[in-house]
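Report on the structure given below.
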Amino acid sequence: MKALVYHGPGIRSYDEKPMPVLKDSTDAIVCVTKTTICGTDLHIMKGDVSTVTDGRILGHEGVGIIEQIGGNVSNFQIGDHVLISCISSCGRCTNCKKGMYSHCENGGGWILGNLIDGTQAEYVRIPFADNSLHAIPAEADEESLVMLSDILPTGFECGVLNGQIKPGDTVAVIGAGPIGLAVLLTAQFYSPAAIIMVDNDSNRLDVARRFGATQVIHNDLGNAAEKIMALTNNRGVDVAVEAIGIPSSFDICQEIVTAGGHIANVGVHGKPVQLNLDKLWSQNITLKTGLVDTVTTPMLLKTVISGKLQPEQLITHHFTMDEVMQAYDTFGDAMKEEALKVIISNKIMSDRVKSDPTALGRTILEQEAFKEEFLVNDSPGG
Ligand SMILES: [Zn+2]
Ligand SMILES: [Zn+2]
């Protein structure tokens, strides 16, 4: 099969890799129909994530169709259409029982495209399939659901819930990338009075306005904190969400949080930041950090199916799996390309499913034969 492979900082290629095989009885093999690239993948490409080693297939988001299941998978069957969670979890350990799936003690957590091969491939092995996959209802739009693997639950759990956003609150989100925009979209469940979005990219701020931001602040001069204090009559904000992962954006949060307010950190930080306790010690604030647990994914799935949440608005570009290298170039130059989320389709397989729904549940060998037949009939080169 083909896959996007990391070969050390700055080096990636679209390689032929062996098909994944079931390793544990709780595994499933999923044919990926659609996947995407995350800001985290760009961090990996820069060499920021030391756990990712040469030869790793990247990607932790996607939807697909189950091709094989281990003997102890009970919630799913071959042929089921599933959403892949960016967090794999056993569902049985102490942390999983607390709903802290990101800290699964049995080898789960964020492992896809990190410690094990990920979803930017034609097929992926999903450990703990019962707890790490979600069934997709028949009427659902696949592309919207790709946004549910990571960015929507991350924005909602790490930004909105950790920030304790309430009706009437004034909220500021520092960073209007896909994650910051996911915070903006899901914050509106709670009807805050104001949501101020801060970024250096005018296009992203225009998008933020369309998505419901009440004010946007261009931080080209680095004075976003002053502007927010002016906007709020020097009161500051009830909730400050850090959605970039750099010291200067965390500093904005510290400067603008009002007495009794909350700072929710969503960004992935590679450097230490200074916590200004000399100013904040008496201010009754809370600071929350954390990796997404994806416990809210089933709830978010319902809001997407009902149309309450429309995450497909975040999709700006489409590529096929064999254009994944180009997809990285586009996503890596997001400001110039005006890119938010890119969708990468495994064209052969999704066409197969479209043209022959009974193909679901075929054996791998039968599917390979089908794929070959499809390739011969469909590829422009003949
Ligand atoms: Zn991600
Ligand atoms: Zn666990």
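What you are looking at is a predicted structure, and each value in this text was computed from that prediction instead of being measured. As the structure lists them, so they are numbered: ligands from 1, and atoms in each ligand from 1.
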Under a 3.5 Å distance rule, please check whether H218 uses its side chain to pair with a backbone N or O of N200 as donor and acceptor. yes
Is Q77 atom CD crowded by more than 12 heavy atoms from other residues, nucleotides or ligands, each under 6.0 Å away? no
Evaluate whether atom NZ of K227 has more than 12 neighbouring non-hydrogen atoms of other residues, nucleotides or ligands under 6.0 angstrom away. yes
Excluding waters, which protein N, O or S atoms are within less than 2.8 Å of the Zn ion (ligand 1)? C38 SG, H60 NE2, D150 OD2
Is a salt bridge present between K2 and D15, judged by a nitrogen-to-oxygen distance below 4.0 Å? no
Count of N, O or S atoms belonging to protein, less than 2.8 Å from the Zn ion (ligand 2): 4
Of D141, V63, L301, which meets side chain to side chain contact (heavy atoms under 4.5 Å, CB included) against I136? V63
Would you indicate whether E226, at its atom CD, is surrounded by more than 12 heavy atoms from other residues, nucleotides or ligands within a distance under 6.0 Å? no
Check whether any side-chain heavy atom of K308 sits under 4.5 Å from a side-chain heavy atom of F189, and report yes or no. yes
Indicate the ring-plane relationship of Y190 and F156, choosing parallel, tilted or perpendicular according to the 30° and 60° boundaries. parallel
Side chains of L58 and R12: does their closest heavy-atom pair fall under 4.5 Å? no
